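Step one of this worksheet: look at the structure below.
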Amino acid sequence: MAISVKLSDAIERGEPIVVLAGAGMSAESGVPTFRGDDGLWKNYRPEELATYSAFVRDPKLVWEWYNWRRSKIKGCSPNPAHNAVTLLEGKLGDKLTLVTQNVDGLHRDAGTRNYLEVHGCIWEVRCLKCGLSGELRDIPDESLPPKCTCGGLVRPGVVWFGESLPEHILSAAFRASAECAVMVVIGTSGVVYPVAHLPQVARENGAHVIDVNLERTPISDIADEVFLSPAGDVVPKLFGMMG
Ligand code: OAD
């Protein structure tokens with residue numbers, strides 16, 4: 001039975017809690033992870049598709065890959081773990097901070113409001129020329145690569161290899177990690193920095209760290225509690241919500 005007394009007490013007292021999510025959070029929704037047997041990086045070479053230089057070399061190819069990923073994600077819905085985060089936010093308000101590495105937007109779809117998307121969001125786009133940005137869900141294949149009204153090339157609103165993470169989002173994530181009473185890490189391999197450093201920051205500042213994953217990761221080694229089960233099963237129980 002997935003119960004953490006430290007977490008239940010923190011929820012009861014309305015203490016600040018950070019949920020740090022990785023691809024495992026969305027696995028039960030049908031979104032592929034990055035490093036598993038069927039992971040995205042097993043079948044594609046990131047440097048050929050998820051870099052700025054790949055984009056300027058062949059924007060149409062990169063956009064076709066993103067449109068393929070978008071079409072996969074479009075058919076996916078939030079799972080009980082996403083919904084449990086939203087319910088917890090309903091209880092804790094802005095004491096709950098969700099830091100997600102996922103670009104699938106499923107936390108948005110689940111209704112979570114206080115989210116920090118450190119790697120961006122696949123539904124966001126940004127003009128390389130005028131900087132205009134926003135959510136754009138439908139981009140027909142025939143119109144790839146999309147162009148802005150200013151004539152500039154439009155790129156996906158995600159962070160690519162070799163790019164810096166958005167500074168204001170990253171600093172908010174570090175601040176929340178340093179100030180939380182409990183950090184719940186869900187479905188990340190814990191190998192991509194700087195995000196993989198956040199559980200350490202939480203720990204060093206006195207937080208109780210919980211790791212939820214199918215297998216042990218470097219984060220399990222520094223966690224106070226480890227639950228080796230699917231997120232969709234464990235997270236609702238941990239948060240005291242069965243939905
Ligand atoms: P990974 O694919 O590296 O790791 C996914 C983790 O989720 C693994 O540790 C799995 O064991 C675990 N997992 C899988 N299914 C699960 C389930 N149902 N319940 C719980 N855990 C499960 O994904 P991330 O750690 O998120 O970056 O990868 C981090 C970053 O690497 C991504 O954001 C992406 C990638 O390069 C960018 O695109 C910038």
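Note that the structure is a prediction, hence the values are computed from the model and not measured. Throughout, numbering of the chain's residues begins at 1 and tracks the sequence. Just follow the structure's listing: the first ligand is 1, and inside any ligand the first atom is 1.
Residue Phe34 has at least one N or O atom closer than 3.5 Å to an N or O atom of ligand 1. In terms of polar-atom proximity, Asn102 is not counted as a contact of ligand 1, lacking any N or O under 3.5 Å from an N or O of the ligand.
Interface atoms of ligand 1 facing Ala27, defined by a heavy-atom separation under 4.0 Å, are 15 (N). Close approach of ligand 1 to Val159 (heavy-atom distance below 4.0 Å) involves ligand atoms 39 (C). Near Glu215, meaning under 4.0 Å from any of its heavy atoms, are these atoms of ligand 1: 11 (O). In the vicinity of Ala23, heavy-atom distances shorter than 4.0 Å reach the ligand 1 atoms 23 (O), 24 (P), 26 (O). Near Gly187, with a cut-off below 4.0 Å to any heavy atom, the atoms of ligand 1 are 5 (C), 6 (C), 7 (O), 21 (N). The atoms of ligand 1 that sit less than 4.0 Å from any heavy atom of Val192 are 29 (C), 30 (C), 31 (O). Residue Gly22 has at least one heavy-atom neighbour below 4.0 Å for each of these atoms of ligand 1: 26 (O).
In terms of modelled atom types and a separation under 3.5 Å, the side chain of Asn213 and the main chain of Ser229 share no donor-acceptor contact. Without hydrogens or angle criteria, Trp123 side chain to Gly105 main chain gives no donor-acceptor distance under 3.5 Å.
Between Arg216 and Asp221 there is a salt bridge, with a side-chain nitrogen of the basic residue lying less than 4.0 Å from a carboxylate oxygen of the acidic one. Between Lys74 and Asp104 no salt bridge is recorded (no basic side-chain N to carboxylate O distance below 4.0 Å). Between Arg155 and Glu163 a salt bridge is recorded (basic side-chain N to carboxylate O distance below 4.0 Å). Taking the charged nitrogens against the carboxylate oxygens, Glu135 and Arg108 do have a contact shorter than 4.0 Å, which makes a salt bridge.
With Val31, Leu214, Asn213 as candidates, the residue nearest to atom 11 (O) of ligand 1 on a non-hydrogen basis is Asn213. With distances taken over non-hydrogen atoms, the option nearest atom 14 (C) of ligand 1 out of Pro32, Ser29, Gly24 is Gly24.
Connection of Leu20 to Leu92 is not established within any shared hydrophobic cluster, with ILVMFWY side chains joined at heavy-atom distances below 4.5 Å, either directly or through further cluster members.
Only the side chain of Glu28 comes within contact range of ligand 1, with a heavy atom under 4.0 Å; no backbone atom does. Both the backbone and the side chain of Arg35 come within 4.0 Å of ligand 1, counting heavy atoms alone.
Among the candidates Val226, Leu198, Val185, the single residue satisfying the side chain to side chain contact (heavy atoms under 4.5 Å, CB included) test with Val209 is Val185.
Heavy atoms of Phe161 approach ligand 1 to within less than 4.0 angstrom.
Counting heavy-atom neighbours within 6.0 Å of Lys60 NZ, excluding the residue itself, gives a total of 12 or less.
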